[in-house]
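Notes to accompany the following structure.
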Amino acid sequence: MIIQSPDFQRLARDVAGQVVLPGDQDYDSARRVWNGMIDKRPHAVVRASSPDDVAAAIAFATGKGFPVAVRGGGHNIAGNATCDNGLVIDLSLMKSIEVDRDGRRVRAGGGVLWGEFDAATQEVGLATNGGLVPSTGVAGFTLGGGLGHLMRSCGLACDNLVSADVVTADGRIVTASAEQNEDLFWAIRGGGGNFGVVTTFEFQLHEVGPILLGGRLIHRLADAPDVLRFYREFMAEAPDSLIVYAGLSTSPEGEPRLGMRPVFNGPIKEGQELLEPLRRYGSPAVDDIEPRPYVEIQKIVEPMFPPGRLHYWKANFADALSDELIDILVAAYRRAPSPYSNIALEPMGGAIARVPETATAFHHRRHGYSILLLGGWLRPEDNDANVAWVRELWEVTRPFASSDVYVNYLGTEGDARVREAYGPNHPRLSEIKRKYDPHNFFRLNQNIEPAPAC
Ligand SMILES: Cc1cc2nc3c(=O)[nH]c(=O)nc-3n(C[C@H](O)[C@H](O)[C@H](O)COP(=O)(O)OP(=O)(O)OC[C@H]3O[C@@H](n4cnc5c(N)ncnc54)[C@H](O)[C@@H]3O)c2cc1C
């Protein structure tokens, strides 16, 4: 049997980290990811502790002809951070975080999660744009782009990347930055895990808080069509320092609702004045907007996203929230088969839109909103109803949305959709893939195939 092969024992000796095999006590936790729909069984999970470990795992998988999955935080909905009959390279032991307060830089290991990152950088009053849920991995998030509370003021996570250490398919350990391997640096800012395994991310940091104005405004679902129209006009005038996420969800008591989450990255008094019209509009059932530590703001939605539930998501971008689109979304939410499903509106613009569309692999910089349809439920027998709800809703939103999609919200939707995630940047990505991974070794991802040799 493969797990008893001496080769795996040799692999375990070759790496300083851990090799988890079927039958080991933590095999089940090592092979699972955040999305409970994903149930794959790799031959081994290599918990790498250094770039050399990663290179050893790559060499082992190459020798065996095994497919390789790469895992940062394990949050990706598509479940590509684990695999059947292959090797998982898991970065979760690589947790180092070195903050340079004076230089406003941080170097973070490939297994750092956003909750850990925010806590370390906020200790000295710094931050960069990170994920809304603390258990999301810095790695997959940044490599796909990275949308978050600070993106309108500080840019996407990938826009704040200064350099990265990457282990390539041939086992080389290279640095990608504006000065070294510039093509690779361009590609990993949006191009996902296609080009190698990133073991260290270096970001620029910004002075943030540590106390910011933030919290929640919650309205009854019946008021959502009206309140979302006001929200649309309000966001159209909002400065870059203000972001207000909006979403349809169900309270723990089972009440469908519209939630809005403002975060103002600036002086508290200025934020209070700016937010007054939004807070006065309609009759919110909850208004808990107040000065809060940024690290607390970064945990507000965490209870809505525990690991292990069953999930199916689809997404697109819209330039505007038309009346019709608002009405479609609200009506659809009333029909959601599960209280754990959500519809999220993420306002773009600001610093994101000031970067040219071809400056990084992440391309979608001119849209007004990212629209994310998140199906979430508990029981496998409800899979079909919930998947159908997301698919049907996505279909009816299409006339009001762009065909573009954020790569980090893609499931297993196929090559055409990956191309839509990159638009005109796809051919250049494909050329760079040919240079760094000509045999498509890193293919368990939103795959960009190498361009054919000239
Ligand atoms: C609860 C939840 C909240 C989220 N919130 C946000 C949000 O606020 N904003 C946002 O933009 N997105 C968000 N996402 C989506 C998120 O950006 C993606 O799921 C992202 O891929 C997660 O990164 P990860 O490292 O946790 O994922 P993983 O599943 O570990 O990795 C995803 C893919 O990235 C690649 N990869 C991972 N690590 C490495 C590495 N070190 N080197 C090379 N390739 C690697 C691999 O191809 C892998 O398949 C959220 C997802 C969830 C489930």
Side-chain angles (χ1 to χ4, degrees), residues 32-38 40 48 51 54 58 67-83 88-94 108-115 117 129-151 156-158 164-169 176 184 187-188 190-201 243 245 247 261 298 300-309 311-313 315 340 342 344 346 348 352 362 364 370 372 374 376 406-412 436-437 442-448:
R32 297 307 294 238
V33 290
W34 180 84
N35 183 0
M37 288 281 268
I38 311 297
K40 297 180 185 169
V54 172
I58 290 173
V68 160
V70 182
R71 180 194 176 107
H75 258 216
N76 199 272
I77 201 73
N80 286 324
T82 186
C83 62
V88 175
I89 301 180
D90 174 354
L91 283 290
S92 63
L93 298 182
M94 298 187 69
V112 171
L113 307 179
W114 278 109
F117 184 103
N129 179 57
L132 304 189
V133 174
S135 53
T136 304
V138 167
F141 179 94
T142 303
L143 293 171
L147 318 182
H149 285 139
L150 303 179
M151 64 183 167
L156 302 169
C158 72
D165 295 340
V166 186
V167 187
T168 55
L184 181 60
I188 60 171
N194 274 285
F195 304 93
V197 181
V198 180
T199 51
T200 301
F201 293 82
I243 193 160
Y245 276 69
R261 284 192 325 281
Q298 287 289 83
I300 289 179
V301 300
E302 186 178 22
M304 290 166 66
F305 297 103
R309 279 186 192 155
H311 275 267
Y312 180 83
W313 297 3
Y340 304 113
N342 296 275
E346 306 177 297
M348 309 280 286
I352 308 163
F362 182 94
H364 308 300
S370 150
L372 178 54
L374 310 94
Y406 172 34
V407 74
N408 274 350
Y409 292 162
L410 275 179
T412 47
Y436 288 95
D437 184 12
F442 296 111
R443 61 184 177 277
L444 298 184
N445 45 38
Q446 301 301 343
N447 195 231
I448 298 162

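For ligands, and for the atoms within them, numbers begin at 1 and follow the listed sequence. Because the structure is predicted, anything quoted here is derived from the model rather than measured.
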To the nearest 0.1 Å, how far is atom 51 (C) of ligand 1 from its closest protein heavy atom, and which atom is that? Trp313 CH2, 3.6 Å
Would you call the rings of His311 and Phe305 parallel, tilted or perpendicular if under 30° counts as parallel and over 60° as perpendicular? tilted
Within the structure provided, determine whether Tyr409 and Leu147 are in side-chain contact (heavy-atom separation under 4.5 Å). yes
Atom 47 (O) of ligand 1 - nearest protein heavy atom and its distance: Asn445 CB, 3.6 Å
Name the closest protein heavy atom to atom 43 (C) of ligand 1, giving the residue it belongs to and the distance to 0.1 Å. Gly196 O, 3.1 Å
Heavy-atom gap Tyr406 to ligand 1 smaller than 4.0 Å: yes
Any idea which part of Leu91 is under 4.0 Å from ligand 1, heavy-atom wise: side chain, backbone, both or neither? side chain
Hey, are the side chains of Asn76 and Asn408 touching, using non-hydrogen atoms and a 4.5 Å cut-off? yes
Taking both backbone and side-chain atoms of Leu143, is any N or O found less than 3.5 Å from an N or O belonging to ligand 1? no
By number and element, which atoms of ligand 1 are closer than 4.0 Å to a non-hydrogen atom of Gly146? 11 (O)
Of all heavy-atom pairs between Leu113 and Pro134, which one has the smallest distance, and what is that distance? CB-O, 3.4 Å
Testing the basics here: between Ala81 and Arg71, what is the closest heavy-atom pair and its distance to 0.1 Å? O-CB, 3.7 Å
Considering non-hydrogen atoms of the protein only, which is the closest contact for atom 34 (O) of ligand 1, and what is the distance? Gly140 CA, 3.6 Å
Just which atoms of ligand 1 are under 4.0 Å from any heavy atom in Arg71? 30 (O), 38 (N)
Positive for side-chain contact (heavy atoms from CB on, under 4.5 Å) with Val70, one of Val88, Leu143, Val198, Leu91: Leu91
Tell me the closest heavy-atom pair linking Thr82 and Lys40, and the distance in Å. O-CD, 3.7 Å
For atom 39 (C) of ligand 1, which candidate among Asp90, Ile89, Val70 provides the closest heavy atom? Val70
min-distance protein heavy atom vs atom 18 (C) of ligand 1 -> Asn76 ND2, 3.6 Å
Please confirm whether Val33 approaches ligand 1 to less than 4.0 Å, judged on its heavy atoms. no
Could you tell me if any non-hydrogen atom of Gly148 lies under 4.0 Å from any atom of ligand 1? no
Out of Phe305, Trp114, Phe141, Trp34, indicate the one that has the non-hydrogen atom closest to atom 6 (C) of ligand 1. Phe141
Taking C-beta and beyond as the side chain, do Asn447 and Asn194 meet within less than 4.5 Å on heavy atoms? yes
Could you name the option among Val198, Val407, Leu372, Thr82 that has the heavy atom nearest to atom 41 (N) of ligand 1? Val198
Which atoms form the tightest heavy-atom contact between Leu132 and Arg261, and what is the distance? CD1-NH2, 3.4 Å
If you scan protein heavy atoms around atom 37 (C) of ligand 1, the nearest is Gly72 N, 3.6 Å
Output yes when a side-chain donor or acceptor of Asn35 lies under 3.5 Å from a complementary backbone atom of Ile77, and no otherwise. yes
For the backbone of Thr412 and the side chain of Gln446, can you confirm whether one donor and one acceptor N or O come within less than 3.5 Å of each other? no
Regarding atom 30 (O) of ligand 1: of the candidates Gly74, Cys83, Ala157, Ser370, which has the closest heavy atom? Gly74
Here the atoms of ligand 1 under 4.0 Å from any heavy atom belonging to Ala81 are 28 (P), 29 (O), 30 (O), 49 (O)
Result of checking Gln298, Met304, His75 against Val133 for side-chain contact (heavy atoms from CB on, under 4.5 Å): His75
Applying the ring pair (Phe, Tyr, Trp, His ring centres under 6.0 Å) test to Phe141, which of Phe117, Trp114, Tyr406 qualifies? Trp114
Determine, step by step, whether Val68 and Ile58 satisfy the side chain to side chain contact (heavy atoms under 4.5 Å, CB included) criterion, reporting the C-alpha distance in whole Å, the side-chain angles of both residues, the deciding distance to 0.1 Å, and the verdict. CA-CA 8 Å; Val68 160; Ile58 290 173; 5.7 Å; no
List the closest protein heavy-atom neighbour of atom 52 (C) of ligand 1: residue, atom name, distance to the nearest 0.1 Å. His75 ND1, 3.3 Å
Is it true that Tyr409 lies under 4.0 Å from ligand 1, counting heavy atoms only? yes
Just distances here: any N/O of Gly192 and N/O of ligand 1 closer than 3.5 Å? no
Any heavy atom of Ala78 sitting closer than 4.0 Å to ligand 1? no
among protein heavy atoms, the one nearest atom 9 (N) of ligand 1 is Leu147 O, 2.6 Å
Can you see which heavy atom on Thr142 is nearest to which on Cys158, and at what distance? O-CB, 3.5 Å
Under a 4.0 angstrom heavy-atom cut-off, which atoms of ligand 1 come close to Val133? 1 (C), 3 (C)
Looking at ligand 1, is there an atom of it that comes within less than 4.0 Å of some heavy atom belonging to Gly144? no
